[in-house]
Amino acid sequence: EIIDHQSLQPGTCIEQLYRSFDYAYKNSKHFVLSTHSYSLSSKMIGSEQTMKDVLIDLLNYARSKPGVQFVPLNSLFKACR
């Protein structure tokens, strides 16, 4: 397993997103986050944050980690060939 995939939806556990990212980061794995842009304004269940808020916070958290790169998903598949 070289990719850790999480989905951002209104019912996603925010803490689990961070745990999954941290696991992938600490184990030199690729972290993939999927979502739908049309629902970014949706509120997270049990939170006042929107999906967009959570996405921006997670991206800023990831950006703060040394060596993290943001790449399109298809580049990960090309690298596996």
J.: Go through the structure and list residues passing ring-ring contact (aromatic ring centres under 6.0 Å, His included) with His5, not counting sequence neighbours.
T.: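 Applying ring-ring contact (aromatic ring centres under 6.0 Å, His included) to His5 gives none.
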
J.: Closest approach of Ser20 and Gln6, non-hydrogen atoms and distance?
T.: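 Looking at all heavy atoms of both residues, the shortest contact is OG-NE2, 3.1 Å.
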
J.: For a quick test of reading the model, state the closest non-hydrogen atom pair linking Gly11 to Ile45 and the distance between them.
T.: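 The answer is CA-CD1, 3.8 Å.
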
J.: Is it true that atom CD of Gln16 has more than 12 heavy atoms of other residues, nucleotides or ligands lying nearer than 6.0 Å?
T.: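 Counting neighbours around CD of Gln16, more than 12 heavy atoms of other residues, nucleotides or ligands fall under 6.0 Å, so yes.
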
J.: Before you tell me yes or no, could you show the steps for Val71 and His30 under side-chain contact (heavy atoms from CB on, under 4.5 Å), namely the whole-Å CA-CA distance, both residues' side-chain angles and the distance that decides it to 0.1 Å?
T.: CA-CA 10 Å; Val71 299; His30 300 287; over 6 Å; no

J.: Is it true that a side-chain atom of Thr12 and a backbone atom of Ser7 form a donor plus acceptor pair closer than 3.5 Å?
T.: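 Yes.
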
J.: In the hydrophobic clustering that connects Ile, Leu, Val, Met, Phe, Trp and Tyr at side-chain heavy-atom distances below 4.5 Å, which members other than Leu40 occupy its cluster, ordered by chain and number?
T.: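 So far as hydrophobic clustering goes, Leu40 is joined with Leu8, Ile14, Leu17, Tyr18, Phe21, Tyr25, Phe31, Leu33, Met44, Met51, Val54, Leu55, Leu58, Leu59, Tyr61, Val68, Phe70.
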
